[in-house]
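Have a look at the structure below, then the notes.
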Amino acid sequence: DAGVIQSPRHEVTEMGQEVTLRCKPISGHDYLFWYRQTMMRGLELLIYFNNNVPIDDSGMPEDRFSAKMPNASFSTLKIQPSEPRDSAVYFCASSATGGFSYEQYFGPGTRLTVT
Amino acid sequence: AQSVTQPDIHITVSEGASLELRCNYSYGATPYLFWYVQSPGQGLQLLLKYFSGDTLVQGIKGFEAEFKRSQSSFNLRKPSVHWSDAAEYFCAAGGGSYIPTFGRGTSLIVHP
């Protein structure tokens with residue numbers, strides 16, 4: 001298996017622009033998580049899905065952030081409009097329900113820079 | 001509410017020395033416990049996990065961790081550190097109806 005795939009790996013954009021981050025989870029995994037990592041706040045859970053349905057989006061910082069999972073093999077995290085404080089590394093992770101362990105497999109991340 | 005505390009932000013050790021990274025959790029029941037490692041520019045990789053049974057868990061890369069219920073701890077250890085172990089280490093607790101909560105991480109610096 002190729003693992004969790006994220007694209008792009010790096011994104012540089014100007015303030016006010018729309019940014020879309022993409023994630024392909026591991027085949028067969030039914031949970032998908034979006035995290036944001038910064039020096040100041042560490043690793044923050046933004047939202048997670050179970051069987052393509054958003055379960056908890058309480059970590060989404062504001063209405064500028066939205067996430068979708070149209071099918072089991074694809075998810076997007078969108079920021080519109082982007083702001084410099086959104087600069088961070090965004091990780092996608094997936095896991096399988098078996099044993100309710102939530103052992104997560106992380107993608108390589110997307111480093112977002114908003115100027 | 002569940003929480004995970006990693007009290008050390010940075011740890012510096014010499015290559016070949018032993019290592020212990022601390023992790024304490026607050027949880028309603030015995031959680032599933034995890035240690036992840038993050039090398040620079042990469043995602044998090046699972047080092048080891050504890051679900052039940054033997055409280056000493058072996059992981060990849062020569063790491064081990066010990067679950068101590070009385071201390072609500074799950075400390076990570078390695079008897080001899082290699083320069084390639086320099087990375088960020090994250091402890092996480094979860095399971096059952098709770099998705100994992102991550103600690104803030106401990107940055108390991110290895111001196112030659």
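A, B, ... follow the sequence lines: proteins, then strands. Residue 1 opens every chain. Since the model is a prediction, treat every value here as computed from it, not as a measurement. Basis for what follows: all heavy atoms, side chains included, without hydrogens, waters or symmetry-related copies.
- In the hydrophobic cluster analysis, where Ile, Leu, Val, Met, Phe, Trp and Tyr join through side-chain heavy atoms closer than 4.5 angstrom, A/Phe106 is grouped apart from A/Tyr90.
- Neither the backbone nor the side chain of A/Ile55 comes within contact range of chain B; no heavy atom of the residue lies under 4.5 Å from a heavy atom of that chain.
- By the criterion of side-chain heavy atoms lying less than 4.5 angstrom apart, applied directly or through intervening Ile, Leu, Val, Met, Phe, Trp or Tyr residues, A/Leu21 is not grouped with A/Tyr35; the two fall into different hydrophobic clusters.
- Around atom CD1 of B/Ile9, no more than 12 heavy atoms belonging to other residues, nucleotides or ligands sit under 6.0 Å away.
- For A/Arg111, no part lies under 4.5 angstrom from a heavy atom of chain B.
- Other residues, nucleotides and ligands contribute only 12 or fewer heavy atoms inside 6.0 Å of the CD atom of A/Glu14.
- Of the two parts of A/Gln37, only the side chain, counted from C-beta on, holds a non-hydrogen atom closer than 4.5 Å to a non-hydrogen atom of chain B.
- With hydrogens and angles ignored, the 3.5 Å screen pairs no side-chain donor or acceptor of B/Tyr36 with any backbone N or O of A/Tyr105.
- Hydrophobic cluster membership is shared by B/Leu47 and B/Val13, with clusters built from Ile, Leu, Val, Met, Phe, Trp and Tyr side chains linked at under 4.5 angstrom.
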*Please assess A/Glu103 against B/Phe34 for the test side-chain contact (heavy atoms from CB on, under 4.5 Å), listing each intermediate value before the final yes or no.*
CA-CA 8 Å; A/Glu103 174 183 334; B/Phe34 309 87; 4.0 Å; yes

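- Under the 4.5 Å side-chain contact rule for hydrophobic residues, A/Ile47 and A/Phe74 do not share a cluster.
- No more than 12 heavy atoms of other residues, nucleotides or ligands shown are found within 6.0 angstrom of CG on A/Asp63.
- The side-chain heavy atoms of A/Leu43 and B/Leu44, taken from C-beta on, include a pair separated by under 4.5 Å.
- Note: B/Arg104 CZ to A/Arg41 CZ = 9.5 Å, rounded to the nearest 0.5 Å.
- The part of B/Gln38 that comes within reach of chain A is its side chain, from C-beta onward, which places non-hydrogen atoms under 4.5 angstrom from that chain.
- Taken from CZ in A/Phe91 to CD in B/Gln42, the straight-line distance is 9.5 Å, to the nearest 0.5 Å.
- Taking all atoms of both residues into account, the shortest heavy-atom contact from B/Gly41 to A/Arg9 is O-NH2, 3.5 Å.
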